[in-house]
Protein chains: 2
Amino acid sequence: MSSTARLAPVPPARRLKTRIGEANESRILDAALSVFARLGFAGARVDQIAEAAGMSKANLLYYFRTKEDLYRAVLTRTLDMWLEPLRELDADSDPGTALGHYIARKLEYSRLQPEASRLFAMEIMQGAPVLSCVLATDLADLVERKVRTIERWIEDGRLAPVEPHHLIFMLWATTQHYADFAAQIRTLTGKDLSDDAFFEEARQAIVTTILKGVLPRG
Amino acid sequence: MSSTARLAPVPPARRLKTRIGEANESRILDAALSVFARLGFAGARVDQIAEAAGMSKANLLYYFRTKEDLYRAVLTRTLDMWLEPLRELDADSDPGTALGHYIARKLEYSRLQPEASRLFAMEIMQGAPVLSCVLATDLADLVERKVRTIERWIEDGRLAPVEPHHLIFMLWATTQHYADFAAQIRTLTGKDLSDDAFFEEARQAIVTTILKGVLPRG
DNA sequence: GTCTATAAGCGGATAGAC
DNA sequence: GTCTATCCGCTTATAGAC
């Protein structure tokens with residue numbers, strides 16, 4: 001993966017979409033997410049992804065011309081899911097309600113899409129070679145808007161004074177941790193978020209601690 | 001890297017250590033940390049690590065017979081550094097002081113050893129193929145002891161009732177986030193922990209929020 | 001669209017001189 | 001201990017039949 005290629009935008013659709021083509025593409029993307037999340041870009045092999053998608057390697061490469069194209073497509077789709085909960089953070093709600101809801105949504109994402117969370121995390125940890133462009137535009141814009149929301153809450157005395165970026169980082173960190181470090185958590189507790197009681201315990205701990213931490217008059 | 005090989009313990013010293021041998025080994029480990037953290041195990045190339053260590057690939061392979069031996073050695077050394085702050089968490093201190101100190105120490109680690117943090121994180125995210133053994137013994141024992149410390153604080157009414165594991169996960173998550181997601185944080189804020197003011201801002205936000213969240217009577 | 005076969009090149013590891 | 005040269009397996013990607 002050359003550094004220039006890594007910055008290139010996702011190529012446009014390569015061909016007219018047929019029904020079977022759409023279905024195959026979707027199966028490939030699902031399989032690719034799973035394998036890339038487990039082994040990283042370099043560690044994943046195309047024939048492994050093809051097998052997981054139930055087709056031959058040559059056929060997979062008919063849909064995505066290169067491994068890198070495929071990686072890029074999976075990541076783009078992942079980022080879009082990743083952004084959704086933050087988009088929903090509602091400036092007009094009560095801060096406690098809005099933040100509590102956001103924590104629950106992010107934790108739900110960690111439960112339902114742990115592989116997507118890990119894939120995204122690995123991409124960022126390696127310096128976001130593919131996503132840096134999109135992070136600097138789409139994510140930065142969205143975060144800026146939410147920072148203003150938080151600032152307004154603080155000005156109105158509805159939230160204790162916290163630097164908004166750091167609050168957002170705390171929310172991301174605490175909720176994503178359960179997906180990204182699931183192996184460690186399973187080793188230490190024997191459980192993960194797929195266990196309903198454990199999910200509720202985690203949600204409760206995060207909501208209680210952070211909301212008590214940032215809401216005025218505890 | 002076969003799955004059985006991944007679980008094998010670190011091999012014993014391969015030869016008598018000479019002064020120059022020690023120095024080389026240390027330079028190799030530093031270089032390997034940097035390259036593995038940036039590209040992962042599969043993405044890193046031995047000749048790249050050798051170049052970063054200022055020697056030939058063949059010479060590096062004289063010190064570490066395989067790429068996997070080298071990876072294992074780097075990880076083991078990393079885990080040891082990673083555990084240190086938790087070992088220091090002092091049951092006899094005031095909980096607020098002890099936790100505040102722990103947050104500061106972990107954040108300091110994120111500032112000084114961001115690559116080690118990311119390497120460790122990537123290993124865990126991929127299911128801890130190499131470290132799972134050590135996590136289940138060394139880490140689990142240590143965490144168990146600290147869980148009891150936290151439980152005692154709660155029983156004594158010096159800490160609000162929080163499930164201790166989740167508190168520990170929150171502390172890990174919030175502090176490690178600044179190393180592991182540094183690329184994202186730099187994109188959004190233009191800064192990282194190497195900026196003293198930013199470090200202090202982050203420390204302050206985490207300490208204030210979490211301590212307010214878990215200490216009794218605000 | 002899907003397959004088999006193969007080209008092409010990368011990268012880990014070794015041989016053997018010095 | 002360090003080097004140069006080389007081997008060889010593995011993996012991406014293509015060619016071309018069906």
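Order of the sequence lines fixes the chain letters, A, B, ..., with proteins taken first and strands second; residue numbering starts at 1 for each chain. As the structure is a prediction and not an experimental result, all values here were calculated from the model.
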ask   = Please give, in whole Å, the distance from dA5(C) P to D47(A) CG?
value = 16 Å
query = Rounded to whole angstroms, how far apart are CZ on R45(A) and P on dC10(D)?
reply = 9 Å
request  = In whole angstrom, give the distance that lies between atom CG of D69(A) and atom P of dT12(D).
outcome  = 14 Å
key: Nucleotide dC3(C), atom P - distance to CG of L61(A) in whole Å   = 12 Å
key: Residue mapping more 5' on DNA chain D - nearest nucleotide basis, G54(B) or K67(A)   = G54(B)
ask   = Rounded to whole angstrom units, what separation is found between the CG atom of L70(A) and the P atom of dT12(D)?
value = 11 Å
request  = Using a 4.5 Å cut-off on heavy atoms from C-beta on, say whether the side chain of Y109(A) contacts that of Y178(A).
outcome  = no
query = With distance as the sole criterion, is a donor-acceptor pair present between the side chains of Q176(B) and S117(B) under 3.5 Å?
reply = no
inquiry  = Just to be sure I understand the rule, does A42(A) reach a base, reach only the sugar-phosphate, or reach nothing, if contact means heavy atoms closer than 4.0 Å?
reply    = nothing
key: N59(B) side chain near dC3(D) phosphate (N/O to OP1/OP2, under 4.0 Å)   = yes
task = Take the protein atom CG of L60(B) and the nucleotide atom C1' of dC3(D), then report the distance between them rounded to whole Å.
result = 14 Å
Phosphate contact (dT2(C) OP1 or OP2) by N24(A) side-chain N/O below 4.0 Å = yes
request  = Please report the shortest heavy-atom distance between S110(A) and L193(A), naming the atom on each side.
outcome  = CB-CD1, 3.7 Å
inquiry  = Taking 4.0 Å as the cut-off, does a side-chain nitrogen or oxygen of S56(B) come that near to OP1 or OP2 on dT2(D)?
reply    = no
ask   = When the ring planes of F36(B) and Y71(B) are compared, do they come out parallel, tilted or perpendicular, using 30° and 60° as the limits?
value = perpendicular
message = If you compare every side-chain N and O of Y62(A) against the phosphate oxygens of dT14(D) (OP1, OP2), does one of them come in below 4.0 Å?
response = no
